[in-house]
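Reviewing the structure listed below.
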Amino acid sequence: MKVLILGSGGREHALAWAVARSPRVTQVACAPGNGGIAQIARCVPVDLKDLAAMVSLAEAEQPALTIVGPELPLSLGVVDALQQRGLRVFGPTRAAAMLETSKGFAKQFLHRHNIPTPNYAVCTTAAEVEKASEVFHPPIVVKADGLAAGKGVIICPSRNTAAEAAQGLFTGALLGQAERQVVIEEFLEGDEISFLCLSDGKHVLPLVPAQDHKRVGEGDTGPNTGGMGVYTTDSMLDPAMIEWILHHIAEPTVAGMAEEGAPFAGVLYCGLMMTARGPEVLEFNCRFGDPETQPVLMRMESDVLGAFIASTEGRVSDGDLKWSPEPAVCVVLASGGYPGAYEMGKKISGIEEADRVEGVKVFHAGTTERDGAFYTAGGRVLGVTARGRDLAQAVERAYAGVARIRFEGMHYRKDIAARALRSTSAR
Ligand code: AMP
């Protein structure tokens, strides 16, 4: 069976790696892919912003299954377009992807279905923002409605700064694209959890929970990034809490989308804040997270292909996903300057040595290969991922892998999972 993966990051490398292990898979193609993916899949160029190009590629390749990695092609309706041409594709339709592509839609949907989420107002003018802000205590959270690659959330210390942020979103000064509407939201405190589920439009199956580290600096300081590291352990959420989240958040979301005529099939990523009054939805993503996918798929013991196909056929059921109880950790190695401006084309050494460390797998996020050597080709370059008998060992192995890799300007967080390790040792 031939599988086509759309995307070019660490998530897609992990997907290609997991899919290639399936005994049913004979060929993996990835478009456009990256230097690491090219080691295990045939990489084909494509512009992920160009719907027609993706459709002609899939028509030419005729894969038995297409897996869509990032949100942009989903927002363009690549799933609808491929389905119309009779091609099997894993991921939500454009209408279902609105849970991620419009924060205003997501908030109003959550409200309609009584799913816990912070208080909010959807505003289309500066005057509405000013009026709405009066009822929120600072800090006030201001969110762009549309896709913003992790840059669309501004935590504002006062009503004035909230008004300025909203204005910056409306005019396009902040993101480079003008937002038609913005979401004003109550600020919540707590631990964040990425709760990912597999759905077929009707049934919901949770993946193992994970925690991302979004800020660039140790101790959660500095600007937000696409994600600097992740860990996943079973102890992160107890079974009763998983049941609660399923019954009060994930299942009503999938049922609500079906009821509204836009059934959600694919990976539903619930970004949750674990507050004093229980879990609340901060955001939805309509696809696998990056870098959550890397350590999560390292823990998967079942044939991931079977689970994806089940999602496309409306038959996701308990038992489709089997997991290793071992925790896993991913440490992201970034280019100097990231998440700001950075240079590319730096030669990378030590990837093979890192891969040889027990329990370690290096996933490529932004690399190219030239004459047998790898060079940096993005802000996030590599995700050094490891499994271990406990979290401490997984962390130790991941950093042992990191220690073998070098490129000019390389930086990474040294405290991935450190808070969890401290609280386990304090227990
Ligand atoms: P989002 O893209 O909505 O997940 O927001 C990105 C990040 O902003 C989240 O991972 C949180 O760290 C933070 N954030 C978003 N909404 C809130 C909120 N209501 N209260 C506190 N922090 C938030």
Side-chain angles (χ1 to χ4, degrees), residues 7-11 47-49 68-78 92 94 96-110 117-118 120-126 128-129 132 139-156 161-188 192 194 212-216 220 222-228 267-273 281-292 332 334 338-342 365-366 378-380:
S8 62
R11 164 184 48 213
D47 179 357
L48 296 172
K49 297 190 287 299
V68 188
E71 59 277 25
L72 186 64
L74 294 169
S75 75
L76 298 174
V78 74
R94 186 179 187 174
M98 273 186 74
L99 283 177
E100 173 168 6
T101 58
S102 169
K103 288 219 194 276
F105 170 83
K107 292 298 289 191
Q108 285 159 342
F109 171 87
L110 288 161
T117 189
Y120 74 99
V122 179
C123 303
T124 53
T125 63
E128 281 176 20
V129 171
I140 297 173
V141 183
V142 178
K143 298 186 174 183
D145 184 66
L147 293 180
K151 299 191 192 80
V153 176
I154 309 126
I155 315 259
C156 305
T161 46
E164 275 166 32
Q167 197 51 24
L169 293 174
F170 284 137
T171 59
L174 276 183
L175 295 179
Q177 86 229 10
E179 292 291 313
R180 215 174 40 79
Q181 55 182 17
V182 302
V183 172
I184 306 294
E185 198 173 79
E186 171 196 11
F187 178 80
L188 295 184
E192 281 182 56
S194 306
D212 192 5
H213 297 60
K214 286 227 186 290
R215 303 287 203 93
V216 73
D220 293 326
N224 260 332
T225 67
M228 293 298 287
V267 168
L268 177 69
Y269 171 134
C270 308
L272 305 179
M273 186 72 96
V281 178
L282 290 187
E283 64 159 345
F284 286 121
N285 292 324
C286 59
R287 33 88 199 168
F288 273 111
D290 190 344
E292 286 92 338
V332 170
Y338 176 82
Y342 53 83
R380 292 185 296 169

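Counting from 1, the numbers follow the sequence of the chain as shown. Owing to the predicted nature of the structure, the values given are computational and were not obtained by experimental measurement.
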Just jot down the side chain to side chain contact (heavy atoms under 4.5 Å, CB included) partners of Ser102, sequence neighbours excluded, or say none. Met98, Phe105, Asp145, Gln181

Please lay out, stage by stage, how Val129 and Phe170 fare under the test side-chain contact (heavy atoms from CB on, under 4.5 Å). CA-CA 11 Å; Val129 171; Phe170 284 137; 3.9 Å; yes

Restricting to non-hydrogen atoms, name the atom on Gly104 and the atom on Val122 that form the minimum distance, rounded to 0.1 Å. CA-CG2, 4.0 Å

Should Arg11 and Pro70 count as side-chain neighbours, where that means a heavy-atom distance under 4.5 Å? yes

Worked check of side-chain contact (heavy atoms from CB on, under 4.5 Å) between Lys49 and Leu72: CA-CA 7 Å; Lys49 297 190 287 299; Leu72 186 64; 3.3 Å; yes

Mind checking side chain to side chain contact (heavy atoms under 4.5 Å, CB included) for Glu186 and listing every partner two or more places apart, or none if nothing turns up? Pro118, Asn119, Phe136, Leu188, Arg277

Validation row: Asp290, Phe288 side chains within 4.5 angstrom (heavy atoms): no

Please check: side-chain N/O of Glu179 versus main-chain N/O of Gly146, any donor-acceptor pairing under 3.5 Å? yes

If every non-hydrogen atom of Arg215 is compared with every non-hydrogen atom of Asp220, which pair is closest and at what distance? NH1-O, 3.6 Å

For Ala121 and Ala132, the nearest pair of non-hydrogen atoms, with its separation, is CB-CB, 3.7 Å

Run the side chain to side chain contact (heavy atoms under 4.5 Å, CB included) test against Arg94 and tell me which residues pass, sequence neighbours left out. Asp80

Shortest non-hydrogen contact between Pro291 and Gly227, atoms and distance: CD-CA, 3.9 Å

Kindly compute the distance separating CD1 (Ile140) from OG1 (Thr161), expressed to the nearest 0.5 Å. 7.5 Å

Results of side chain to side chain contact (heavy atoms under 4.5 Å, CB included) for Ala106 - residues two or more places apart only: Phe284

Under the salt bridge (Lys or Arg N to Asp or Glu O under 4.0 Å) test, residues paired with Glu100 that sit two or more places apart: Arg287

Are any non-hydrogen side-chain atoms of Leu282 and Leu272 less than 4.5 angstrom apart? no

Does the side chain of Ile154 come within less than 4.5 Å of Leu174's, by heavy atoms? yes

CZ/Phe187 to CD1/Ile155 distance, rounded to the nearest 0.5 angstrom? 5.5 Å

Atom SG of Cys286 and atom CG of Leu147: how far apart are they, to the nearest 0.5 Å? 7.5 Å

CD/Glu185 to SG/Cys156 distance, rounded to the nearest 0.5 angstrom? 12.0 Å

Just jot down the salt bridge (Lys or Arg N to Asp or Glu O under 4.0 Å) partners of Glu128, sequence neighbours excluded, or say none. none

Taking the side chain as C-beta and beyond, is there a heavy-atom pair between Val153 and Asn224 under 4.5 Å? no

Less than 4.5 Å apart, side chain to side chain, heavy atoms only: is that true for Lys107 and Lys143? no

Over all atoms of both residues, closest heavy-atom pair of Leu169 and Ala144: CD1-N, 3.7 Å

Which heavy atom in Gly152 sits nearest to a heavy atom in Leu175, and how many Å separate them? CA-CD1, 4.4 Å

For residues Val216 and Pro223, determine if any side-chain heavy atom of one lies less than 4.5 Å from a side-chain heavy atom of the other. yes

